[in-house]
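Proteins come first, then strands; the chains are lettered A, B, ... in the order of their sequence lines, and each starts at number 1. Because the structure is a prediction, the values reported are computed rather than measured. What's counted below: heavy atoms across the whole structure, side chains too, no hydrogens, waters or symmetry copies.
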Amino acid sequence: MICEKKGGGAFAVLSILAASLFFVLMILAIADAPGWVFGEDLIEALAASDSGVYLRSGIAISGILLAFGSIGMIFNGGRPGRTAEGVLLMISGILLVWVAFFENDDPIHDAALILVFMTFVLALIASAYDDFAENRSMMFGSLTVLLLVASIGAYAAYGPAMYQVVWIVAAVIWVMARGVKGLCEPTIYKRK
Amino acid sequence: MTVRPKIVKAGFGFGILGGLIAGIAALMAFAPETAATANMWLGFLVVVLFFALGGMFKTEGSVSWGVVVFMAALATGVTVAVTMFEAMDIWFGIILTVIGVIEIVIAANSMTGRWIKTDRLLG
């Protein structure tokens, strides 16, 4: 017997909060840093500046919220793609906290950043697999594919300063859309 | 024989339109210099994707619903990427991106899905 229940909204709200807080704090850091030029200076330069405390706080808080928000995806009644997505995003969230707490010149910072990137991309792929399997969530799956391809294009087209921003904006959009999707989706529990 | 829903016909129409516009954009990117060859190649990639997408909305199409939506998203994403790469004029890129988003909405529509999964087979 399968019992369908609308739930898991709290976890979805955490995801939305993670994306929103990070974006707001990043905008705050950019506005507070007069010497930082959009599209010319790297995000690392912003993080190392006096205004970097806002950005690093945003990274740390959003990482924690993302990790907690992904818990709801792991226990979902037998969807391997969604479970993988949840686990990968949880790891990504935890690693974001490391990125925030370790200094830019620390090897742990660089390693954590690379792992965040890898786990996040793998989470996107797992999410796309889950969405297209059994035609579950076509719009969200197509958004995932569109953002992935556009991000690859940005890497080919722009320098590091610009494509970093494109990647960050794409990630924020995806996490927010995922949160909204989680609010609309019922949580399915299987009873034996 | 079942009739194709209007939204599916619109999907075909927008696919062909997107392919034609992308073709014009690719030809306008032509220049005698070697470097422009890459721009034309990228433009024609967009042409191929849109024409293929349009064809998937035909009765003779053989792919699943998920593949149609994936292709619509891929065509739109590649259009955005090619525009960022400045391989086509930005206004063509914006128009094609709008057409691509319309195609995603059409492809993801439940009526389109029902037609692809069942009615197309009956036709």
Query raised in the report: Where is the tightest heavy-atom contact between A:M138 and B:A108, given as atom of each residue plus distance?
Result: CB-CB, 3.7 Å
Query raised in the report: Would a 4.5 Å heavy-atom cut-off, applied to side chains only, mark A:V149 and B:V80 as touching?
Result: no
Query raised in the report: Does OH in A:Y54 sit with more than 12 non-hydrogen atoms of other residues, nucleotides or ligands closer than 6.0 Å?
Result: no
Query raised in the report: Would one find more than 12 heavy atoms of other residues, nucleotides or ligands at under 6.0 Å from atom CH2 of B:W65?
Result: yes
Report task. Considering only heavy atoms and a distance below 4.5 Å, find which of A:S142, A:G153, A:A128 pairs most often with chain B. Result -> A:S142
Report task. Please say whether more than 12 non-hydrogen atoms of neighbouring residues, nucleotides or ligands are located less than 6.0 Å from OH in A:Y155. Result -> no
Requested in this report: Output the distance between atom CZ (B:F70) and atom CG (A:D131), rounded to the nearest 0.5 Å.
Outcome: 12.5 Å
Query raised in the report: Take atom CZ in A:F23; do more than 12 heavy atoms of anything else shown fall under 6.0 Å from it?
Result: no
**Report entry** Heavy-atom closest pair, residues A:A156 and B:F85
**Finding:** O-CE1, 3.4 Å
**Report entry** Sequence neighbours excluded, every pair satisfying ring pair (Phe, Tyr, Trp, His ring centres under 6.0 Å) that has a member inside residues 111-130 of chain A
**Finding:** A:F117-A:W167, A:F120-A:W174
Report summary line: Interatomic distance, OG1@B:T76 vs CG@A:L147, rounded to 0.5 Å, equals 11.0 Å
Query raised in the report: Within a reach of under 6.0 Å around CZ of A:F102, are more than 12 heavy atoms found that belong to other residues, nucleotides or ligands?
Result: yes
Report task. For the residue pair B:V69 and A:M139, establish whether any side-chain heavy-atom pair is separated by less than 4.5 Å. Result -> no
